[in-house]
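Heads up, the thing below is written out as C-alpha coordinates.
Just the heavy atoms: all of them, side chains too, but no hydrogens, waters or symmetry mates, feed the values below. Keep in mind the model is a prediction, meaning the values are calculated, not measured. Each chain gets a letter, A, B and so on, in the order the sequences are listed, and its residues count up from 1.
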Amino acid sequence: MTPPIVLIADLRHYEGQTVTVRGWLYDRTDKGKLQFLKVRDGSGIAQAVAFQKELPEATFNALRTLPQESSLIVTGTVRADSRAPGFPGGYEIGITAAEIIQVADAYPITPKEHGIEFLMDHRHLWVRSSRQWAILRIRATIISAIRNWLDDHGYLLVDTPIITPTAGESTTELFEVKYFDDVAYLTQTGQLYNEANMMSFGKVYCFGPTFRSEKSKTRRHLTEFWMVEPEMAFFSLEDLMEMEEQFVSAIVQRVLEKHRMELSILGRDTAPLERVVPPFPRISYDEAVELLNKLAAEASDPAQQAALRITWGNDFGAPHETALAQQFDRPVFIYHYPTAVKAFYMQPVAGRPEVCRSVDLLAPEGYGEITGGSERVHDRALLEERIAQLGLNREHYAWYLDLRRFGSVPHAGFGLGLERTVAWICGLPHVREAIPYPRMLKRTYP
RNA sequence: UCCGGAGUAGCUCAAUGGCAGAGCGGGCGGCUGUUAACCGCUAGGUUGUAGGUUCGAGUCCUACCUCCGGAGCCA
(Lines give C-alpha, C1' and ligand atoms only; values in the text may rest on other atoms or scores of the structure.)
Protein backbone atom coordinates (compact mmCIF):
# COMPACT_ATOMS: atom_id res chain seq x y z
CA MET A 1 0.00 0.00 0.00
CA THR A 2 1.28 3.46 -0.87
CA PRO A 3 1.74 5.55 2.28
CA PRO A 4 -0.42 8.68 2.50
CA ILE A 5 1.15 12.04 1.62
CA VAL A 6 0.75 14.16 4.72
CA LEU A 7 1.58 17.68 5.89
CA ILE A 8 4.13 18.20 8.63
CA ALA A 9 1.55 20.29 10.48
CA ASP A 10 -0.60 17.12 10.72
CA LEU A 11 2.12 14.62 11.68
CA ARG A 12 0.78 14.15 15.22
CA HIS A 13 -2.32 12.51 13.77
CA TYR A 14 -0.21 9.75 12.20
CA GLU A 15 1.83 8.43 15.13
CA GLY A 16 2.92 4.86 14.45
CA GLN A 17 1.97 5.04 10.78
CA THR A 18 4.11 5.18 7.68
CA VAL A 19 3.69 8.43 5.77
CA THR A 20 5.27 10.41 2.95
CA VAL A 21 6.35 14.04 3.26
CA ARG A 22 7.32 16.15 0.27
CA GLY A 23 9.46 19.22 0.66
CA TRP A 24 12.90 20.71 1.06
CA LEU A 25 15.92 19.98 3.22
CA TYR A 26 16.07 22.81 5.77
CA ASP A 27 19.15 21.67 7.66
CA ARG A 28 21.13 18.53 8.30
CA THR A 29 23.24 17.14 11.12
CA ASP A 30 25.52 14.33 10.05
CA LYS A 31 26.56 11.93 12.83
CA GLY A 32 28.24 9.30 10.66
CA LYS A 33 26.01 6.26 10.68
CA LEU A 34 23.12 8.44 11.79
CA GLN A 35 21.77 11.62 10.26
CA PHE A 36 19.19 14.14 11.32
CA LEU A 37 17.46 15.90 8.46
CA LYS A 38 15.20 18.86 9.06
CA VAL A 39 12.60 18.81 6.32
CA ARG A 40 10.14 21.61 5.63
CA ASP A 41 7.06 21.28 3.46
CA GLY A 42 5.40 24.68 3.74
CA SER A 43 3.20 23.63 6.64
CA GLY A 44 6.03 23.21 9.12
CA ILE A 45 9.47 21.75 9.80
CA ALA A 46 10.02 18.20 11.02
CA GLN A 47 13.06 16.11 11.82
CA ALA A 48 13.56 12.99 9.74
CA VAL A 49 16.10 10.47 11.01
CA ALA A 50 18.16 8.21 8.77
CA PHE A 51 20.06 5.18 10.20
CA GLN A 52 22.65 3.66 7.94
CA LYS A 53 21.71 0.05 8.71
CA GLU A 54 18.02 0.66 8.03
CA LEU A 55 18.45 2.12 4.54
CA PRO A 56 19.88 1.02 1.20
CA GLU A 57 23.48 2.22 0.95
CA ALA A 58 22.74 4.42 -2.09
CA THR A 59 19.88 6.19 -0.32
CA PHE A 60 21.87 6.76 2.86
CA ASN A 61 24.87 8.11 0.97
CA ALA A 62 22.72 10.37 -1.18
CA LEU A 63 21.12 11.88 1.93
CA ARG A 64 24.52 12.25 3.57
CA THR A 65 25.78 14.65 0.93
CA LEU A 66 22.52 16.41 0.19
CA PRO A 67 22.90 20.21 0.32
CA GLN A 68 20.59 22.55 2.18
CA GLU A 69 17.33 23.38 0.33
CA SER A 70 17.50 20.35 -1.96
CA SER A 71 14.02 19.08 -2.77
CA LEU A 72 13.08 15.56 -1.71
CA ILE A 73 10.35 13.13 -0.81
CA VAL A 74 10.79 11.08 2.35
CA THR A 75 8.77 8.14 3.57
CA GLY A 76 8.96 6.76 7.07
CA THR A 77 7.32 5.96 10.36
CA VAL A 78 5.98 8.77 12.54
CA ARG A 79 7.02 8.62 16.18
CA ALA A 80 6.63 10.96 19.11
CA ASP A 81 9.92 12.14 20.56
CA SER A 82 10.31 15.11 22.87
CA ARG A 83 13.81 15.67 21.45
CA ALA A 84 12.50 16.20 17.93
CA PRO A 85 12.95 19.83 16.87
CA GLY A 86 10.80 21.64 14.33
CA PHE A 87 7.52 23.45 13.98
CA PRO A 88 5.30 22.22 15.48
CA GLY A 89 7.95 19.66 16.59
CA GLY A 90 7.68 16.73 18.99
CA TYR A 91 7.25 14.18 16.20
CA GLU A 92 9.85 12.80 13.85
CA ILE A 93 9.97 10.51 10.86
CA GLY A 94 12.13 7.38 10.90
CA ILE A 95 13.14 7.28 7.24
CA THR A 96 12.52 4.03 5.35
CA ALA A 97 12.79 5.46 1.83
CA ALA A 98 13.79 8.72 0.22
CA GLU A 99 13.70 10.17 -3.25
CA ILE A 100 15.75 13.23 -4.15
CA ILE A 101 14.07 15.54 -6.66
CA GLN A 102 16.85 18.09 -7.12
CA VAL A 103 20.27 18.43 -5.56
CA ALA A 104 20.55 22.11 -4.73
CA ASP A 105 23.62 24.24 -5.43
CA ALA A 106 25.43 25.61 -2.37
CA TYR A 107 22.68 27.59 -0.63
CA PRO A 108 23.68 31.18 0.14
CA ILE A 109 21.58 31.65 3.27
CA THR A 110 23.28 29.60 5.96
CA PRO A 111 22.12 29.06 9.54
CA LYS A 112 24.56 31.75 10.67
CA GLU A 113 23.90 35.48 10.76
CA HIS A 114 23.72 37.66 7.65
CA GLY A 115 23.58 41.36 6.95
CA ILE A 116 20.34 42.99 5.87
CA GLU A 117 21.56 43.94 2.40
CA PHE A 118 22.58 40.37 1.64
CA LEU A 119 19.28 39.02 2.91
CA MET A 120 17.29 41.58 0.93
CA ASP A 121 19.24 40.70 -2.23
CA HIS A 122 18.18 37.10 -1.60
CA ARG A 123 14.62 37.86 -0.55
CA HIS A 124 13.35 35.24 -3.02
CA LEU A 125 15.22 32.63 -0.94
CA TRP A 126 14.95 34.36 2.43
CA VAL A 127 11.16 33.84 2.44
CA ARG A 128 11.95 30.15 3.11
CA SER A 129 13.59 30.91 6.47
CA SER A 130 11.44 30.05 9.44
CA ARG A 131 11.27 33.61 10.73
CA GLN A 132 10.10 34.99 7.40
CA TRP A 133 7.77 32.02 7.01
CA ALA A 134 6.17 32.87 10.36
CA ILE A 135 5.78 36.57 9.50
CA LEU A 136 4.19 35.98 6.11
CA ARG A 137 1.77 33.43 7.55
CA ILE A 138 0.68 36.00 10.14
CA ARG A 139 0.39 38.65 7.41
CA ALA A 140 -2.01 36.38 5.51
CA THR A 141 -4.11 35.93 8.64
CA ILE A 142 -4.18 39.68 9.29
CA ILE A 143 -5.41 40.22 5.72
CA SER A 144 -8.15 37.64 6.08
CA ALA A 145 -9.11 38.96 9.54
CA ILE A 146 -9.46 42.45 8.05
CA ARG A 147 -11.65 41.24 5.22
CA ASN A 148 -13.73 38.88 7.35
CA TRP A 149 -14.44 41.46 10.03
CA LEU A 150 -15.51 44.08 7.49
CA ASP A 151 -17.55 41.60 5.45
CA ASP A 152 -19.29 40.40 8.63
CA HIS A 153 -20.13 43.94 9.74
CA GLY A 154 -21.93 45.17 6.68
CA TYR A 155 -19.03 46.66 4.73
CA LEU A 156 -18.86 46.05 1.01
CA LEU A 157 -15.53 45.59 -0.76
CA VAL A 158 -15.50 48.03 -3.67
CA ASP A 159 -12.19 48.23 -5.51
CA THR A 160 -10.71 51.59 -6.36
CA PRO A 161 -8.37 52.29 -9.27
CA ILE A 162 -4.61 52.00 -9.08
CA ILE A 163 -3.97 54.30 -12.05
CA THR A 164 -5.40 57.70 -11.25
CA PRO A 165 -5.53 61.04 -13.04
CA THR A 166 -4.51 63.26 -10.10
CA ALA A 167 -3.31 63.40 -6.56
CA GLY A 168 -5.42 62.04 -3.74
CA GLU A 169 -3.80 64.30 -1.22
CA SER A 170 -0.46 65.94 -1.79
CA THR A 171 1.28 66.09 -5.15
CA THR A 172 4.90 65.68 -4.12
CA GLU A 173 4.88 61.98 -3.47
CA LEU A 174 3.20 60.59 -6.59
CA PHE A 175 4.73 58.04 -8.93
CA GLU A 176 4.15 59.25 -12.46
CA VAL A 177 3.42 56.68 -15.16
CA LYS A 178 3.31 57.16 -18.90
CA TYR A 179 -0.27 56.69 -20.02
CA PHE A 180 -0.26 56.59 -23.82
CA ASP A 181 0.22 60.24 -24.81
CA ASP A 182 -0.65 61.48 -21.37
CA VAL A 183 0.61 61.05 -17.82
CA ALA A 184 -1.15 59.37 -14.94
CA TYR A 185 -0.21 58.51 -11.36
CA LEU A 186 -0.16 55.45 -9.17
CA THR A 187 -2.75 55.73 -6.44
CA GLN A 188 -1.76 56.90 -2.99
CA THR A 189 -5.22 56.40 -1.52
CA GLY A 190 -8.59 55.05 -2.63
CA GLN A 191 -10.39 57.40 -0.35
CA LEU A 192 -11.95 59.85 -2.78
CA TYR A 193 -13.40 56.95 -4.76
CA ASN A 194 -14.51 55.35 -1.51
CA GLU A 195 -16.57 58.46 -0.81
CA ALA A 196 -18.35 58.00 -4.14
CA ASN A 197 -18.90 54.29 -3.46
CA MET A 198 -20.09 54.95 0.09
CA MET A 199 -22.98 56.97 -1.37
CA SER A 200 -24.10 53.84 -3.19
CA PHE A 201 -23.50 51.15 -0.57
CA GLY A 202 -23.47 52.88 2.83
CA LYS A 203 -20.40 51.20 4.26
CA VAL A 204 -17.56 50.30 1.93
CA TYR A 205 -13.88 49.51 1.95
CA CYS A 206 -11.06 49.18 -0.50
CA PHE A 207 -7.96 47.10 0.15
CA GLY A 208 -4.98 47.15 -2.13
CA PRO A 209 -1.51 48.46 -2.79
CA THR A 210 -0.78 52.17 -2.61
CA PHE A 211 2.27 54.04 -3.73
CA ARG A 212 4.21 56.95 -2.28
CA SER A 213 7.38 58.25 -3.83
CA GLU A 214 8.52 59.76 -0.54
CA LYS A 215 12.27 59.80 -0.08
CA SER A 216 11.80 58.26 3.31
CA LYS A 217 14.44 55.99 4.74
CA THR A 218 13.01 54.79 8.01
CA ARG A 219 11.85 51.57 9.58
CA ARG A 220 8.26 52.65 9.01
CA HIS A 221 8.29 53.40 5.27
CA LEU A 222 7.84 51.52 2.02
CA THR A 223 7.18 53.07 -1.39
CA GLU A 224 4.62 50.35 -2.13
CA PHE A 225 2.43 49.29 0.76
CA TRP A 226 -0.99 47.84 1.37
CA MET A 227 -3.76 49.82 2.95
CA VAL A 228 -7.33 49.02 3.88
CA GLU A 229 -9.64 52.02 3.80
CA PRO A 230 -13.19 51.81 5.15
CA GLU A 231 -15.59 54.70 4.50
CA MET A 232 -18.98 55.00 6.19
CA ALA A 233 -22.05 57.17 5.57
CA PHE A 234 -23.65 58.88 8.58
CA PHE A 235 -20.56 58.23 10.73
CA SER A 236 -19.24 60.71 13.27
CA LEU A 237 -15.70 60.85 14.63
CA GLU A 238 -16.95 59.08 17.76
CA ASP A 239 -18.55 56.32 15.65
CA LEU A 240 -15.27 56.02 13.81
CA MET A 241 -13.16 55.53 16.94
CA GLU A 242 -15.61 52.95 18.28
CA MET A 243 -15.49 51.02 15.02
CA GLU A 244 -11.69 51.21 14.75
CA GLU A 245 -11.09 49.84 18.24
CA GLN A 246 -13.42 46.89 17.60
CA PHE A 247 -11.79 46.27 14.24
CA VAL A 248 -8.16 46.47 15.38
CA SER A 249 -8.84 44.38 18.49
CA ALA A 250 -10.51 41.68 16.39
CA ILE A 251 -7.46 41.49 14.11
CA VAL A 252 -5.02 41.16 17.02
CA GLN A 253 -7.16 38.59 18.82
CA ARG A 254 -7.48 36.54 15.64
CA VAL A 255 -3.68 36.38 15.30
CA LEU A 256 -3.37 35.31 18.96
CA GLU A 257 -5.93 32.53 18.38
CA LYS A 258 -4.29 31.19 15.29
CA HIS A 259 -0.56 31.86 15.52
CA ARG A 260 0.91 31.06 18.94
CA MET A 261 3.56 28.96 17.21
CA GLU A 262 4.54 31.68 14.73
CA LEU A 263 4.64 34.35 17.44
CA SER A 264 6.92 32.13 19.47
CA ILE A 265 9.23 31.60 16.44
CA LEU A 266 9.44 35.40 16.30
CA GLY A 267 10.09 35.64 20.02
CA ARG A 268 7.12 38.01 20.30
CA ASP A 269 6.00 38.81 23.85
CA THR A 270 2.25 38.26 23.57
CA ALA A 271 1.33 40.06 26.81
CA PRO A 272 1.03 43.50 25.14
CA LEU A 273 -1.11 41.93 22.41
CA GLU A 274 -3.45 40.29 24.95
CA ARG A 275 -4.24 43.78 26.26
CA VAL A 276 -5.49 44.99 22.87
CA VAL A 277 -9.20 45.03 23.68
CA PRO A 278 -11.70 47.93 23.64
CA PRO A 279 -11.94 50.59 24.77
CA PHE A 280 -8.76 52.34 23.66
CA PRO A 281 -7.77 55.57 25.41
CA ARG A 282 -8.66 58.79 23.58
CA ILE A 283 -6.81 62.06 23.98
CA SER A 284 -7.13 65.26 22.02
CA TYR A 285 -4.27 66.87 20.14
CA ASP A 286 -4.36 69.72 22.70
CA GLU A 287 -3.93 67.23 25.55
CA ALA A 288 -1.21 65.39 23.66
CA VAL A 289 0.80 68.60 23.18
CA GLU A 290 0.44 69.39 26.87
CA LEU A 291 1.46 65.85 27.81
CA LEU A 292 4.52 65.96 25.55
CA ASN A 293 5.72 69.26 26.98
CA LYS A 294 5.21 67.88 30.48
CA LEU A 295 7.27 64.79 29.55
CA ALA A 296 9.91 67.08 28.03
CA ALA A 297 10.09 69.09 31.26
CA GLU A 298 10.49 65.89 33.30
CA ALA A 299 13.15 64.40 31.03
CA SER A 300 16.70 64.51 32.43
CA ASP A 301 18.49 64.23 29.07
CA PRO A 302 18.62 67.58 27.19
CA ALA A 303 18.46 65.80 23.81
CA GLN A 304 15.34 63.98 24.97
CA GLN A 305 13.85 67.27 26.15
CA ALA A 306 14.40 68.85 22.74
CA ALA A 307 13.00 65.82 20.97
CA LEU A 308 9.78 65.88 22.99
CA ARG A 309 9.12 69.61 23.21
CA ILE A 310 6.46 70.71 20.73
CA THR A 311 4.71 73.92 19.77
CA TRP A 312 0.95 73.80 19.25
CA GLY A 313 0.21 73.59 15.53
CA ASN A 314 3.06 71.27 14.55
CA ASP A 315 2.49 67.68 13.58
CA PHE A 316 4.02 64.94 15.71
CA GLY A 317 7.33 63.40 14.70
CA ALA A 318 8.42 59.84 15.38
CA PRO A 319 9.82 60.59 18.88
CA HIS A 320 6.54 62.31 19.85
CA GLU A 321 4.44 59.39 18.71
CA THR A 322 6.66 56.92 20.54
CA ALA A 323 6.55 58.93 23.77
CA LEU A 324 2.78 59.34 23.59
CA ALA A 325 2.18 55.66 22.88
CA GLN A 326 4.43 54.70 25.81
CA GLN A 327 2.02 56.38 28.21
CA PHE A 328 -0.64 53.75 27.51
CA ASP A 329 -0.86 49.96 27.64
CA ARG A 330 -2.88 49.65 24.42
CA PRO A 331 -3.32 51.61 21.18
CA VAL A 332 -4.26 55.24 21.76
CA PHE A 333 -6.42 57.59 19.71
CA ILE A 334 -5.25 61.17 19.17
CA TYR A 335 -8.06 63.32 17.78
CA HIS A 336 -8.73 66.93 16.68
CA TYR A 337 -5.43 67.68 14.99
CA PRO A 338 -4.72 71.17 13.66
CA THR A 339 -6.52 71.67 10.36
CA ALA A 340 -3.34 73.03 8.79
CA VAL A 341 -1.38 69.78 9.12
CA LYS A 342 -4.15 67.55 7.76
CA ALA A 343 -5.72 66.97 4.35
CA PHE A 344 -8.14 69.44 2.75
CA TYR A 345 -11.17 67.15 3.02
CA MET A 346 -11.21 66.92 6.81
CA GLN A 347 -14.15 68.52 8.59
CA PRO A 348 -13.28 71.50 10.82
CA VAL A 349 -14.55 71.38 14.40
CA ALA A 350 -17.67 73.54 14.83
CA GLY A 351 -16.76 76.86 16.40
CA ARG A 352 -13.05 76.02 16.30
CA PRO A 353 -11.95 75.76 12.66
CA GLU A 354 -8.24 75.67 13.52
CA VAL A 355 -8.67 72.01 14.48
CA CYS A 356 -10.41 69.27 12.53
CA ARG A 357 -12.43 66.12 13.15
CA SER A 358 -9.45 63.84 12.54
CA VAL A 359 -8.11 60.89 14.48
CA ASP A 360 -4.91 58.85 14.34
CA LEU A 361 -4.40 55.57 16.13
CA LEU A 362 -0.93 55.06 17.57
CA ALA A 363 0.21 51.50 18.16
CA PRO A 364 2.01 50.66 21.41
CA GLU A 365 5.71 49.82 21.74
CA GLY A 366 6.90 52.57 19.41
CA TYR A 367 5.24 51.30 16.23
CA GLY A 368 3.69 54.67 15.52
CA GLU A 369 0.65 55.61 13.51
CA ILE A 370 -1.23 52.61 12.17
CA THR A 371 -4.46 54.34 11.19
CA GLY A 372 -5.37 57.85 10.15
CA GLY A 373 -8.91 59.01 9.53
CA SER A 374 -11.48 61.76 9.86
CA GLU A 375 -14.95 63.03 9.32
CA ARG A 376 -15.02 64.44 5.79
CA VAL A 377 -16.24 67.84 4.74
CA HIS A 378 -19.74 67.19 3.39
CA ASP A 379 -20.74 70.80 2.70
CA ARG A 380 -20.09 71.77 -0.89
CA ALA A 381 -19.30 75.44 -0.29
CA LEU A 382 -16.85 74.64 2.48
CA LEU A 383 -15.13 71.97 0.39
CA GLU A 384 -14.78 74.38 -2.53
CA GLU A 385 -13.35 76.97 -0.17
CA ARG A 386 -10.79 74.47 1.19
CA ILE A 387 -9.75 73.43 -2.34
CA ALA A 388 -9.32 77.08 -3.31
CA GLN A 389 -7.40 77.90 -0.10
CA LEU A 390 -4.87 75.18 -0.80
CA GLY A 391 -4.49 76.16 -4.45
CA LEU A 392 -5.64 72.79 -5.74
CA ASN A 393 -6.94 72.53 -9.29
CA ARG A 394 -10.71 72.69 -8.98
CA GLU A 395 -11.25 70.90 -12.31
CA HIS A 396 -9.49 67.79 -11.02
CA TYR A 397 -11.97 67.56 -8.19
CA ALA A 398 -15.14 68.22 -10.21
CA TRP A 399 -16.45 64.68 -9.77
CA TYR A 400 -15.55 64.72 -6.08
CA LEU A 401 -17.46 67.98 -5.62
CA ASP A 402 -20.44 66.38 -7.39
CA LEU A 403 -20.76 64.05 -4.40
CA ARG A 404 -21.69 67.13 -2.34
CA ARG A 405 -24.41 68.09 -4.81
CA PHE A 406 -26.40 64.87 -4.88
CA GLY A 407 -27.49 63.83 -1.43
CA SER A 408 -24.39 64.74 0.60
CA VAL A 409 -24.35 63.27 4.11
CA PRO A 410 -21.96 63.43 7.06
CA HIS A 411 -19.48 60.60 6.73
CA ALA A 412 -16.12 59.37 7.95
CA GLY A 413 -13.41 56.91 7.13
CA PHE A 414 -9.82 55.92 7.75
CA GLY A 415 -6.89 54.03 6.34
CA LEU A 416 -4.97 51.27 8.11
CA GLY A 417 -1.43 50.52 6.96
CA LEU A 418 -1.07 46.77 6.61
CA GLU A 419 2.71 46.49 6.94
CA ARG A 420 2.86 48.69 10.02
CA THR A 421 0.15 46.55 11.57
CA VAL A 422 2.04 43.35 10.68
CA ALA A 423 5.29 44.82 12.03
CA TRP A 424 3.60 45.80 15.28
CA ILE A 425 1.79 42.50 15.85
CA CYS A 426 4.90 40.47 14.93
CA GLY A 427 7.23 42.75 16.89
CA LEU A 428 9.45 43.43 13.87
CA PRO A 429 12.20 46.05 13.89
CA HIS A 430 11.36 47.20 10.33
CA VAL A 431 8.38 47.08 7.94
CA ARG A 432 10.57 45.63 5.17
CA GLU A 433 10.07 42.15 6.65
CA ALA A 434 6.30 42.62 6.82
CA ILE A 435 5.76 42.36 3.04
CA PRO A 436 6.99 39.56 0.75
CA TYR A 437 8.93 41.78 -1.65
CA PRO A 438 9.49 45.25 -0.19
CA ARG A 439 9.79 48.27 -2.43
CA MET A 440 11.87 50.97 -0.83
CA LEU A 441 13.82 54.06 -1.76
CA LYS A 442 16.87 51.96 -2.62
CA ARG A 443 15.27 48.67 -3.58
CA THR A 444 13.18 47.20 -6.36
CA TYR A 445 15.06 43.87 -6.58
CA PRO A 446 14.14 41.05 -6.51
C1' U B 1 17.49 66.27 0.95
C1' C B 2 20.25 66.62 5.81
C1' C B 3 23.19 64.20 9.92
C1' G B 4 25.93 59.85 11.41
C1' G B 5 28.17 54.90 10.33
C1' A B 6 30.14 50.98 7.22
C1' G B 7 32.42 48.83 2.60
C1' U B 8 38.45 43.09 3.46
C1' A B 9 37.15 35.31 1.19
C1' G B 10 30.31 32.99 -0.77
C1' C B 11 28.56 35.01 4.48
C1' U B 12 29.72 37.50 9.43
C1' C B 13 33.90 39.92 10.95
C1' A B 14 39.55 40.66 12.60
C1' A B 15 44.32 42.78 11.06
C1' U B 16 49.71 49.43 15.63
C1' G B 17 51.65 52.53 8.23
C1' G B 18 55.52 46.71 7.75
C1' C B 19 54.20 38.56 5.46
C1' A B 20 45.82 39.72 4.45
C1' G B 21 43.56 36.22 9.05
C1' A B 22 39.42 33.61 11.93
C1' G B 23 34.55 31.45 12.39
C1' C B 24 30.65 29.79 9.36
C1' G B 25 29.56 28.00 4.48
C1' G B 26 32.07 24.77 0.20
C1' G B 27 35.27 20.09 -0.73
C1' C B 28 37.59 15.43 1.60
C1' G B 29 37.63 12.24 6.00
C1' G B 30 35.73 10.66 11.20
C1' C B 31 31.61 10.10 14.69
C1' U B 32 24.27 6.04 16.36
C1' G B 33 20.42 11.28 19.35
C1' U B 34 21.92 16.02 16.86
C1' U B 35 19.13 20.95 18.26
C1' A B 36 23.43 27.30 14.94
C1' A B 37 26.44 19.51 16.84
C1' C B 38 31.59 18.28 17.25
C1' C B 39 36.85 16.73 15.49
C1' G B 40 40.88 16.57 11.52
C1' C B 41 42.50 18.10 6.59
C1' U B 42 41.68 21.43 2.38
C1' A B 43 40.51 25.14 -1.44
C1' G B 44 39.09 30.14 -1.39
C1' G B 45 41.43 37.57 -1.95
C1' U B 46 42.31 43.20 -7.88
C1' U B 47 40.80 44.88 0.70
C1' G B 48 33.95 49.44 -3.18
C1' U B 49 36.14 52.87 -7.43
C1' A B 50 39.74 56.67 -9.07
C1' G B 51 43.64 59.62 -7.65
C1' G B 52 47.35 61.23 -3.92
C1' U B 53 51.10 61.06 0.46
C1' U B 54 55.01 57.35 1.75
C1' C B 55 60.86 53.28 1.10
C1' G B 56 56.18 50.73 2.04
C1' A B 57 48.79 51.84 2.31
C1' G B 58 43.36 47.28 4.06
C1' U B 59 45.18 51.23 7.44
C1' C B 60 46.65 58.27 6.17
C1' C B 61 44.50 62.37 2.56
C1' U B 62 40.88 63.92 -1.59
C1' A B 63 36.81 62.86 -4.70
C1' C B 64 33.15 59.56 -6.13
C1' C B 65 29.92 55.06 -5.68
C1' U B 66 27.03 51.73 -2.72
C1' C B 67 24.56 50.23 1.54
C1' C B 68 22.99 50.75 6.72
C1' G B 69 20.96 53.80 10.90
C1' G B 70 18.46 58.32 12.12
C1' A B 71 15.71 63.00 10.77
C1' G B 72 11.97 65.36 7.84
C1' C B 73 7.32 63.45 5.46
C1' C B 74 3.75 59.84 6.11
C1' A B 75 0.18 54.59 6.73
With sugar-phosphate meaning primed atoms plus P, OP1 and OP2, does A:Phe225 contact a base, only sugar-phosphate, or nothing at under 4.0 Å between heavy atoms? base
Across the strands shown, which category fits A:Pro85 at heavy-atom distances under 4.0 angstrom: base, sugar-phosphate, nothing? base
By the Watson-Crick or G-U definition, both distances under 3.5 Å, B:G44 is matched with none
Which one is paired to B:C24, where only Watson-Crick or G-U wobble pairs with both distances under 3.5 angstrom count? B:G10
Quick one, give me the B/S/- string for nucleotides 65-73 of chain B, reading 5' to 3', where B means a protein heavy atom under 4.0 Å from the base and S means that only happens at the primed atoms, P, OP1 or OP2. --SBBBBBB
Which one is paired to B:A15, where only Watson-Crick or G-U wobble pairs with both distances under 3.5 angstrom count? none
For the P atoms, the ones on B:A36 and on B:G5, what distance do you get once it is rounded to whole angstrom? 36 Å
Nucleotide opposite B:G51 in a Watson-Crick or G-U pair, distances under 3.5 Å: B:C61
Choose from B:A75, B:U32, B:G33 the nucleotide whose nearest atom is closest to any side-chain atom of A:Arg420. B:A75
Between A:Ala184 and A:Ile163, which heavy-atom pair has the shortest distance, and what is it? CB-CG2, 3.6 Å
Please measure how far the C1' atom in B:G52 lies from the corresponding atom in B:C13, and state the result in whole Å. 29 Å
Determine the Euclidean distance between corresponding P atoms of B:A50 and B:U8; express it in Å to zero decimal places. 15 Å
Rounded off to whole Å, could you give me the CZ-to-C1' distance for the A:Phe414 and B:C74 pair? 17 Å
For residues 134-142 of chain A, tabulate all N or O donor-acceptor pairs below 3.5 Å that involve a side-chain atom, not counting sequence neighbours.
residue, atom, partner, partner atom, Å
A:Arg137, NE, A:Glu262, OE2, 2.8
A:Arg137, NH2, A:Glu262, OE2, 3.1
A:Arg139, NH1, A:Glu419, OE2, 2.8
A:Arg139, NH1, A:Ala434, O, 2.9
A:Arg139, NH2, A:Glu419, OE2, 3.4
A:Thr141, OG1, A:Arg137, O, 3.4
A:Thr141, OG1, A:His259, NE2, 2.5

Please state the C1' separation for the pair B:U59 and B:A6 - nearest whole angstrom. 15 Å
Rounding to a whole Å, what distance do you find between A:Asp121:CG and B:C11:P? 10 Å
Look for any protein N or O under 3.5 Å of an N or O in nucleotides 37-43 of chain B and output each such pair with its distance, or none.
residue, atom, partner, partner atom, Å
B:A37, OP2, A:Asp27, OD2, 3.2
B:A37, N6, A:Asp30, O, 3.0

Tell me whether the NZ or CZ atom of A:Lys38 lies within the 45° cone about the ring axis of A:Tyr26 and under 6.0 Å from its centre. no
Give me the distance, rounded to whole Å, that separates B:G30 from B:G48 when you measure between the C1' atoms they each carry. 41 Å
Check whether the aromatic ring of A:Phe36 stacks on the base of B:G33, taking stacking as ring centres less than 5.5 Å apart and planes within 30° of each other. no
So what does A:Leu222 hit on the nucleic acid, given a heavy-atom distance under 4.0 Å: a base, only sugar-phosphate, or nothing? base
Show every ring-ring contact (aromatic ring centres under 6.0 Å, His included) that has at least one partner inside residues 427-446 of chain A, sequence neighbours left out. none
Watson-Crick/G-U partner (both atom distances under 3.5 Å) of B:G4: B:C68
Where at least one partner belongs to residues 73-116 of chain A, residue pairs that pass ring-ring contact (aromatic ring centres under 6.0 Å, His included), sequence neighbours excluded: A:His114-A:Phe118
Distance, P atom - from B:A15 to B:G26, rounded to whole angstrom: 27 Å
Among B:U32, B:G33, B:A75, the one nearest any side-chain atom of A:Lys53 is B:U32
Strictly by Watson-Crick or wobble contacts shorter than 3.5 Å, is anything paired with B:G56, and which nucleotide is it? none
Partner nucleotide, any strand, of B:U35 [Watson-Crick/G-U, under 3.5 Å]: none
In this structure, CG of A:Leu186 is separated from CD of A:Glu176 (nearest 0.5 Å) by 10.0 Å
Contacts of A:Tyr337 that satisfy ring-ring contact (aromatic ring centres under 6.0 Å, His included) - sequence neighbours left out: A:Tyr285, A:Phe316
Can you confirm whether the side chains of A:His411 and A:Glu195 place a donor and an acceptor under 3.5 Å from each other? yes
Side-chain donor or acceptor of A:Ser71 paired with backbone N/O of A:Gly23 under 3.5 Å: no
Between A:Arg123 and A:Pro436 (side chain of the first, backbone of the second, donor and acceptor by atom type, cut-off under 3.5 Å), is there such a pair? yes
For A:Arg79, report the nucleic acid contact type (base, sugar-phosphate, nothing); a contact means any heavy atom under 4.0 Å. base
Is it the case that the side chains of A:Thr210 and A:Arg212 hold a donor-acceptor pair, with the cut-off being a distance below 3.5 Å and no angle test? no
Looking only at N and O atoms, is any donor in the side chain of A:Glu92 or the base of B:G33 less than 3.5 Å from an acceptor on the other one? yes
How far does the P atom of B:G25 sit from the matching atom of B:U35, given to the nearest Å? 13 Å
Sugar-phosphate, base or nothing in reach of A:Gly86, heavy atoms under 4.0 Å: nothing
Can you say whether a donor on the side chain of A:Gln47 sits under 3.5 Å from an acceptor on the base of B:U35, or the other way round? no
